Amino acid sequence: MSTHTIIRATSPTPCITIIGMAGAGKSTVGKTLAHHLNWAYVDTDHIIEATYATKLQNVADSLSKEEFLDAEASIVQSCFFNRTVIATGGSVVYREKTMEHLANLGICVYLRVDLNLILERIAKNPERGLAIAPGQTIEELFFERELLYQKYANITLDAKSMPPKDCVLSLMELFPKDFLQYLQN
């Protein structure tokens, strides 16, 4: 019987973080991209669910919006990954330190989808978990967050209703040349 020793990475290797509204396709595109690159895939919403041992919407419902954002920030900032595609919750952009942490891990991609498609997708899956203030509409949330997504993104992909595979191919064309060289190593 042979034993193998795996050594933890001594220098960080870049990650790709995907940000955008609930319903933008971050998880679906993230999984497809990770598979394409043969990288690990992590959904920060799942880490929150694992931390609280319940569905994300239950966490969001049990905390005020600010408490939820603080909890999300704490959990995401405690994550350190290499060669990983990270799909985040749509609200991750509300905490600057969290976005600085994600920026230190690698490239940040804003998966932009128009409001009508977001509304349609959220309506199909109302259990998805949404950090929204009482009385705030999804439209208000969309326009509030859009500025933050643009602020923190290194790359913006106008995904419209592109299939995930097409999103991945488009992203590969948008990555900086030095990052593409890293991907090929």
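When reading the values below, keep in mind they use all heavy atoms of this one structure, side chains included, and skip hydrogens, waters and symmetry mates. The shown structure was predicted, so the numbers you read here are calculated from the model rather than taken from an experiment.
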**Student:** Are side-chain heavy atoms of His36 and Met172 found at a separation under 4.5 Å?
**Tutor:** yes
**Student:** Could you tell me which non-hydrogen atom of Phe81 sits nearest to which non-hydrogen atom of Leu105, and how far apart they are?
**Tutor:** O-CD2, 4.0 Å
**Student:** Determine whether Phe142 and Thr137 make a side-chain contact, defined as any pair of heavy atoms from C-beta on separated by less than 4.5 Å.
**Tutor:** no
**Student:** Check Pro176 against Ile155 and note the closest heavy-atom contact, atom names and distance.
**Tutor:** CD-CD1, 4.1 Å
**Student:** Looking just at side-chain N and O atoms, do Glu72 and Ser91 make a donor-acceptor pair shorter than 3.5 Å?
**Tutor:** yes
**Student:** Would a 4.5 Å heavy-atom cut-off, applied to side chains only, mark Leu63 and Tyr52 as touching?
**Tutor:** yes
**Student:** Determine, stepwise, if the pair Ile16 / Trp39 fulfils side-chain contact (heavy atoms from CB on, under 4.5 Å).
**Tutor:** CA-CA 10 Å; Ile16 300 168; Trp39 280 17; 3.9 Å; yes
**Student:** Between Val85 and Cys15, is there a side-chain heavy-atom distance shorter than 4.5 Å?
**Tutor:** no
**Student:** Which heavy atom in Ser170 sits nearest to a heavy atom in Leu157, and how many Å separate them?
**Tutor:** CB-CD1, 3.7 Å
**Student:** Rounded to the nearest 0.5 Å, what separates atom CG in Leu56 from atom CG in Asp45?
**Tutor:** 4.5 Å
**Student:** Check this for me: does any side-chain nitrogen of one of Asp70 and Arg95 sit under 4.0 Å from a carboxylate oxygen of the other?
**Tutor:** yes
**Student:** Does atom NZ of Lys65 have more than 12 heavy-atom neighbours from other groups under 6.0 Å away?
**Tutor:** yes
**Student:** Quick check: closest heavy atoms across Asp43 and Ser27, and the distance to 0.1 Å?
**Tutor:** OD2-OG, 2.7 Å
**Student:** Could you give the distance from OG1 (Thr54) to CD1 (Ile48), rounded to the nearest 0.5 Å?
**Tutor:** 12.5 Å
**Student:** Rounded at 0.5 Å granularity, tell me how far CG in Leu148 sits from CD in Glu96.
**Tutor:** 10.0 Å
**Student:** Starting from the C-alpha separation in whole Å, work towards a yes-or-no answer on side-chain contact (heavy atoms from CB on, under 4.5 Å) for Thr17 and Ile107.
**Tutor:** CA-CA 6 Å; Thr17 298; Ile107 288 180; over 6 Å; no
**Student:** Under the salt bridge (charged side-chain N to carboxylate O under 4.0 Å, His left out) rule, collect the residues that match up with Glu146, sequence neighbours excluded.
**Tutor:** none
**Student:** First locate atom OG1 of Thr88, then atom CG of Leu102, and finally report the distance between them rounded to the nearest 0.5 Å.
**Tutor:** 7.0 Å
**Student:** Where do Val109 and Phe175 land on the side-chain contact (heavy atoms from CB on, under 4.5 Å) test, with the steps shown first?
**Tutor:** CA-CA 9 Å; Val109 174; Phe175 287 135; 4.2 Å; yes
**Student:** Kindly compute the distance separating CG (Asn104) from CD (Gln77), expressed to the nearest 0.5 Å.
**Tutor:** 10.5 Å
**Student:** Please examine the side chains of Ser62 and Phe68, heavy atoms only from C-beta on, and report whether any two atoms are closer than 4.5 Å.
**Tutor:** no
**Student:** Heavy atoms only: give me the nearest Met99-Cys108 pair and the separation to one decimal.
**Tutor:** CE-SG, 3.9 Å
**Student:** Salt bridge between Arg145 and Glu139, side-chain N to carboxylate O under 4.0 Å?
**Tutor:** no
**Student:** With a 4.5 Å limit on heavy-atom distance, are the side chains of Asp114 and Leu117 in contact?
**Tutor:** yes
**Student:** Distance check, rounded to the nearest 0.5 Å: Arg112 atom CZ versus Asp158 atom CG?
**Tutor:** 5.0 Å
**Student:** Tell me the closest heavy-atom pair linking Thr44 and Gly89, and the distance in Å.
**Tutor:** OG1-N, 3.3 Å
**Student:** Got a sec, which pairs hit ring-ring contact (aromatic ring centres under 6.0 Å, His included) with one end in residues 84-110, sequence neighbours left out?
**Tutor:** Phe80-His101, Tyr110-Tyr149
**Student:** Could you tell me if the side chain of Ile47 sits less than 4.5 Å from the side chain of Cys79, heavy atoms only?
**Tutor:** yes
**Student:** So, do Met21 and Leu141 sit near enough that their side-chain heavy atoms are less than 4.5 Å apart?
**Tutor:** yes
